[in-house]
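Each remark here refers to the structure printed beneath this line.
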Amino acid sequence: MYKIAVVGATGAVGREIIKTLDERRFPVKEIVALASARSVGQQVSFGEKQILKVQSLDKFDFAGTDIALFSPGAAISAIHAPRAAKAGALVIDNTSQFRMDPDVPLVVPEVNPEALNDIGRGIIANPNCSTIQMVVALKPLHDRFVVKRVVVATYQSVSGAGKEGMDELWSQSRALHVNDPMTPQEFPKTIAFNVIPHIDAFMDDGSTKEEWKMVVETQKILDPAIKVAATCVRVPVFIGHAEAITVEFAQPITVADVRAALREAPGVVVQDQREDAGYTTPIDCVGEDAVYVSRIRLDPSVPNGIQFWCVADNLRKGAALNAVQIAEAVVKRKLLARAA
Ligand SMILES: NC(=O)c1ccc[n+]([C@@H]2O[C@H](COP(=O)([O-])OP(=O)(O)OC[C@H]3O[C@@H](n4cnc5c(N)ncnc54)[C@H](OP(=O)(O)O)[C@@H]3O)[C@@H](O)[C@H]2O)c1
């Protein structure tokens, strides 16, 4: 049984982490909910019976904590995750802060669990939500047919921008219906009934940081030789990210090969009936653990090309579930003492 701290417990990801720990019956001895000073005294529930009073992260002493699941934003993790690790807690961080640190493993348990063998800094990074679902689908295909190049366009829900992002879609949708004025705050343009080809900051080459994350994280997790071109788009969907993925392989591949490989793959569900509603949409995947693959077809524009549609709940497999699966893997492999 373990003492767990959830940092960012009042947020979209933190709440889902607490729910997932309970649903998966993680061996919790004690659980502490941490957030900013603004939320001290607020309550979050753990399971049906336990109410957790939110405590301030700033004042919390991590000594005696076994695992700290962080999702308070990169700038806050930068300060407090190393502090927690130094106090002996194994940190699993959902933010972008440590993902590309060569001394921090970036882990999707179905894809690269071997990366857990070296947790030198006592911190494990959870990848970006869009990267996670893509690499879960690519891994079984890469193992058999060798992925050379990926072109992906994302359709990312507003919950990827946290609770404020969800509130903004809700309030803008309402304002549009009743003709109220609205000023975009969380997103650079109106998100209600719109799509925005801009997530995170612009980089010097014209791509966005979200797109860059999909490139470098895929290479770190799966294979540095894979070329990735990404376009990341925010869409007016509350929960669930979708991706249109085109893959070029080194070896000949058929649609039947893809179906067979994905049907056996852990964490993947193939729903591909080639008829009305015979595919998965974001609304269908809310609250679900799997990465769903639909619309599998040949890309006739290149040799060995395949296209498919990939959907997952960004708060679950894209964040909370992946983090809890990492915690489960750490416990199963008896890595807690080694990390400390
Ligand atoms: N949403 C996703 O799909 C997703 C997926 C993967 C990774 N992530 C990453 O996870 C992180 C959190 O995302 P989210 O969607 O959960 O955001 P969110 O809904 O805005 O929640 C942010 C959480 O961080 C806490 N926090 C903010 N400032 C803090 C401070 N100074 N000290 C302590 N706690 C503080 C907030 O507490 P208060 O309520 O007290 O402000 C809240 O609990 C981000 O880095 C995000 O990039 C998100």
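As the structure is a prediction and not an experimental result, all values here were calculated from the model. Just so you know, ligand 1 is whichever comes first in the structure, and atom 1 is the first atom listed for that ligand.
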Worksheet item: Which atoms from ligand 1 have a heavy atom of L315 less than 4.0 Å away?
Response: 1 (N), 2 (C), 3 (O)
Worksheet item: Are any of the side-chain heavy atoms of R316 and E23 separated by less than 4.5 Å?
Response: yes
Item to complete: Assess E164 for proximity to ligand 1: is some non-hydrogen atom of it under 4.0 Å away?
Response: no
Worksheet item: Which atoms of ligand 1 are found less than 4.0 Å from any heavy atom of G160?
Response: 1 (N), 2 (C), 3 (O)
Practice prompt. Below 4.0 angstrom from a heavy atom of L57, which ligand 1 atoms are there? Numbered from 1 as shown, please.
Written response: 32 (N), 33 (C)
Worksheet item: Quick one: nearest non-hydrogen protein atom to atom 41 (O) of ligand 1, plus distance?
Response: R38 NH2, 2.8 Å
Fill in: Closest approach of any protein heavy atom to atom 17 (O) of ligand 1, naming residue and atom
G162 CA, 3.7 Å
Discussion item. Return the closest protein heavy atom for atom 6 (C) of ligand 1 as residue, atom name and distance.
Written reply: G318 O, 3.5 Å
Worksheet item: Tell me, which protein residue and heavy-atom name are nearest atom 11 (C) of ligand 1, and how many Å apart are they?
Response: S71 O, 3.6 Å
Item to complete: Look up atom 4 (C) of ligand 1 and tell me if a protein heavy atom lies less than 4.0 Å from it?
Response: yes
Worksheet item: N/O of P127 under 3.5 Å from N/O of ligand 1, yes or no?
Response: no
Worksheet item: Do L222 and K139 come close enough that some side-chain heavy atom pair is under 4.5 Å?
Response: yes
Discussion item. Using a 3.5 Å cut-off on N or O atoms only, is S39 in polar contact with ligand 1?
Written reply: yes
Worksheet entry | Identity and distance of the protein heavy atom lying nearest atom 24 (O) of ligand 1 | P72 CA, 3.2 Å
Item to complete: Report the nearest protein non-hydrogen atom to atom 9 (C) of ligand 1: residue, atom name, distance rounded to 0.1 Å.
Response: N94 O, 3.6 Å
Worksheet item: Is the shortest side-chain N to carboxylate O distance from R121 to D103 below 4.0 Å?
Response: no
Discussion item. Who clusters with F62? Use side-chain heavy atoms, under 4.5 angstrom, across I, L, V, M, F, W and Y, and order the result by chain and number.
Written reply: V7, V32, L34, L57, F60, F70, I76, V91, F98, V104, I123
Discussion item. Is atom 47 (O) of ligand 1 touching the protein, meaning some protein heavy atom lies under 4.0 Å away?
Written reply: no
Worksheet item: Mind checking whether M1 and V28 have side chains closer than 4.5 Å, heavy atoms only?
Response: no
Item to complete: Give the single entry among A33, G11, A319, G8 that approaches atom 21 (O) of ligand 1 most closely by any heavy atom.
Response: G11
Worksheet item: Which heavy atom of the protein is the closest neighbour of atom 42 (C) of ligand 1, given with residue, atom name and distance?
Response: T10 OG1, 3.4 Å
Worksheet item: With a 4.0 Å cut-off, would you call R174 and D180 a salt bridge?
Response: yes
Please set out all donor-acceptor pairs under 3.5 angstrom arising from side-chain atoms of residues 186-202, sequence neighbours excluded.
unit_1: N194; atom_1: ND2; unit_2: T190; atom_2: O; d: 2.9
unit_1: H198; atom_1: NE2; unit_2: D200; atom_2: O; d: 2.9
unit_1: D200; atom_1: OD2; unit_2: K213; atom_2: NZ; d: 3.0

Discussion item. Measuring only between side-chain heavy atoms, which start at C-beta, is F308 closer than 4.5 Å to V247?
Written reply: yes
Worksheet item: Among all protein non-hydrogen atoms, which one is nearest to atom 31 (N) of ligand 1, and what is the separation to 0.1 Å?
Response: I76 CD1, 3.2 Å
Worksheet entry | E328 with R333: basic N within carboxylate O range, under 4.0 Å | no
Worksheet item: So, do L106 and T131 sit near enough that their side-chain heavy atoms are less than 4.5 Å apart?
Response: no
Worksheet entry | Per atom 13 (O) of ligand 1, closest listed option by heavy atom (V13, V54, V6, T131) | V13
Worksheet item: For the residue pair W170 and F238, does the interplanar ring angle fall in the parallel (under 30°), tilted (30 to 60°) or perpendicular (over 60°) class?
Response: tilted
Worksheet item: In ligand 1, which numbered atoms sit nearer than 4.0 Å to a non-hydrogen atom of T95?
Response: 45 (O)
Response to the item:
Heavy atoms of K29 and K3 approach each other most closely as CE-N, 4.3 Å
Worksheet item: Out of G14, A161, S36, A9, whose heavy atom sits nearest atom 35 (C) of ligand 1?
Response: S36
Worksheet item: Can you tell if the side chain of Y155 reaches within under 4.5 Å of the side chain of V233, non-hydrogen atoms only?
Response: no
Fill in: Minimum non-hydrogen distance to atom 18 (P) of ligand 1, winning option of E16, K163, Q156
K163
Item to complete: Could you see which bit of S159 sits under 4.0 Å from ligand 1, with heavy atoms only: side chain, backbone, both or neither?
Response: backbone
